[in-house]
Amino acid sequence: MAKKSNLSPQFSGTTVDIRRSFQSLIALLAAALVVGAVYLTAESGYLVQEDDENVVQRRSTGNESSENTRCDLFSGKWVYDNESYPLYKDYECKFMSDQLACGKFGRKDLDYQHWRWQPHHCDLPRFNATALLERLRNKRLVFVGDSLNRGQWVSMVCLLEKAIPPRLKYMHNNGSSLITFKAKEYNAKIEFYWAPLLVESNSDDPVNHRLPDRIIRAQAIEKHARHWTDANILIFNTFRW
Ligand SMILES: *[C@@H]1O[C@H](CO)[C@@H](O)[C@H](O)[C@H]1NC(C)=O
Ligand SMILES: *[C@@H]1O[C@H](CO)[C@@H](O)[C@H](O)[C@H]1NC(C)=O
Ligand SMILES: *[C@@H]1O[C@H](CO)[C@@H](O)[C@H](O)[C@H]1NC(C)=O
Ligand SMILES: *[C@@H]1O[C@H](CO)[C@@H](O)[C@H](O)[C@H]1NC(C)=O
């Protein structure tokens with residue numbers, strides 16, 4: 001396991017900022033995870049065909065005949081769902097990093113974990129780890145970016161690992177920028193690659209990157225990209241850098 005860190009090392013700004021950053025980070029995590037899961041389940045991009053019952057269920061609106069046959073997943077709202085959410089608890093997931101384990105360290109107001117995205121014109125299927133693992137069979141899914149995406153990645157790992165027996169999953173972190181979670185039975189890799197500015201920068205060290213001035217090589221991505229050229233699915237982010 002990696003060394004325990006206190007707060008995210010790259011939040012090296014003022015400490016006052018940290019709590020607010022953290023809360024918006026969690027909200028972003030939730031949002032992007034839902035969207036990410038939808039993409040992975042649907043594999044058809046922005047608009048999802050409604051005729052695949054396994055993907056999206058159309059909601060009865062009493063206006064069936066004239067309704068468009070597609071559903072815009074981005075048109076919707078957040079609904080409070082205290083029955084089926086959260087989909088995992090941080091203290092039940094052994095891969096969760098302490099940095100993000102609010103419940104484990106005693107946070108009481110965990111209501112923010114109950115928000116679920118509800119498109120206006122269709123229902124999303126409930127997250128199904130087995131179904132997603134089937135989709136990822138023989139594939140490599142790589143999250144690339146900074147600690148925000150590392151949070152997304154570990155969240156994805158926690159969503160999936162519950163469906164995998166202990167001896168059939170492992171985490172590999174060889175001290176480089178790449179951390180690999182592997183679901184053996186599915187020959188599926190769910191990985192995180194640390195490249196906070198995506199292109200080469202002086203913040204590329206996964207541990208020592210608290211620097212007063214950040215310098216990037218705007219045209220140079222190959223050094224990082226060679227680690228993910230054979231990935232099947234890539235999820236990029238770069239946050240407040
Ligand atoms: C039914 O659908 C049409 C076309 O999308 C829309 O213009 C109309 O407002 C809808 N009617 C109702 C009652 O939702
Ligand atoms: C869910 O939330 C509603 C409204 O806040 C509340 O009335 C209900 O008791 C809650 N149910 C559970 C299981 O927490
Ligand atoms: C989850 O997906 C698997 C594989 O597609 C399927 O067999 C199972 O019935 C699904 N579970 C639920 C609750 O839908
Ligand atoms: C760590 O993993 C990376 C990516 O797979 C590899 O290039 C590197 O050689 C590995 N380092 C060690 C010390 O195993």
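Ligands are counted one by one from 1 in listed order, and the atoms in each one are counted from 1 as well. Side-chain atoms are counted along with the backbone in the values below, which use heavy atoms only and exclude waters and symmetry mates.
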Taking the six-membered ring for Trp, are the ring centroids of His114 and Tyr80 within less than 6.0 Å of each other?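 Centroid separation for His114 and Tyr80: below 6.0 Å.
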Sequence neighbours excluded, every pair satisfying salt bridge (charged side-chain N to carboxylate O under 4.0 Å, His left out) that has a member inside residues 175-184: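 Applying salt bridge (charged side-chain N to carboxylate O under 4.0 Å, His left out) to every pair that reaches into residues 175-184, excluding sequence neighbours, yields nothing.
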Write down, by chain and number, every protein residue that brings a non-hydrogen atom to less than 4.0 Å from an atom of ligand 3. Asn128, Ala131
Show me the pairs that pass disulfide (SG to SG under 2.5 Å) and involve residues 123-183, at least two apart or across chains.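 As it turns out, the disulfide (SG to SG under 2.5 Å) pairs with a partner in residues 123-183, which skip direct neighbours, are Cys93-Cys158.
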Can you pull the disulfide (SG to SG under 2.5 Å) pairs that have at least one residue in residues 197-238, sequence neighbours excluded? none
Can you confirm whether Arg137 is buried at CZ, in the sense that more than 12 heavy atoms of other residues, nucleotides or ligands lie under 6.0 Å from that atom?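 Yes.
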Give a yes-or-no answer on whether the side chains of Gln118 and Asp123 include a donor-acceptor pair shorter than 3.5 Å.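 Indeed, the side chains of Gln118 and Asp123 share at least one donor-acceptor pair under 3.5 Å.
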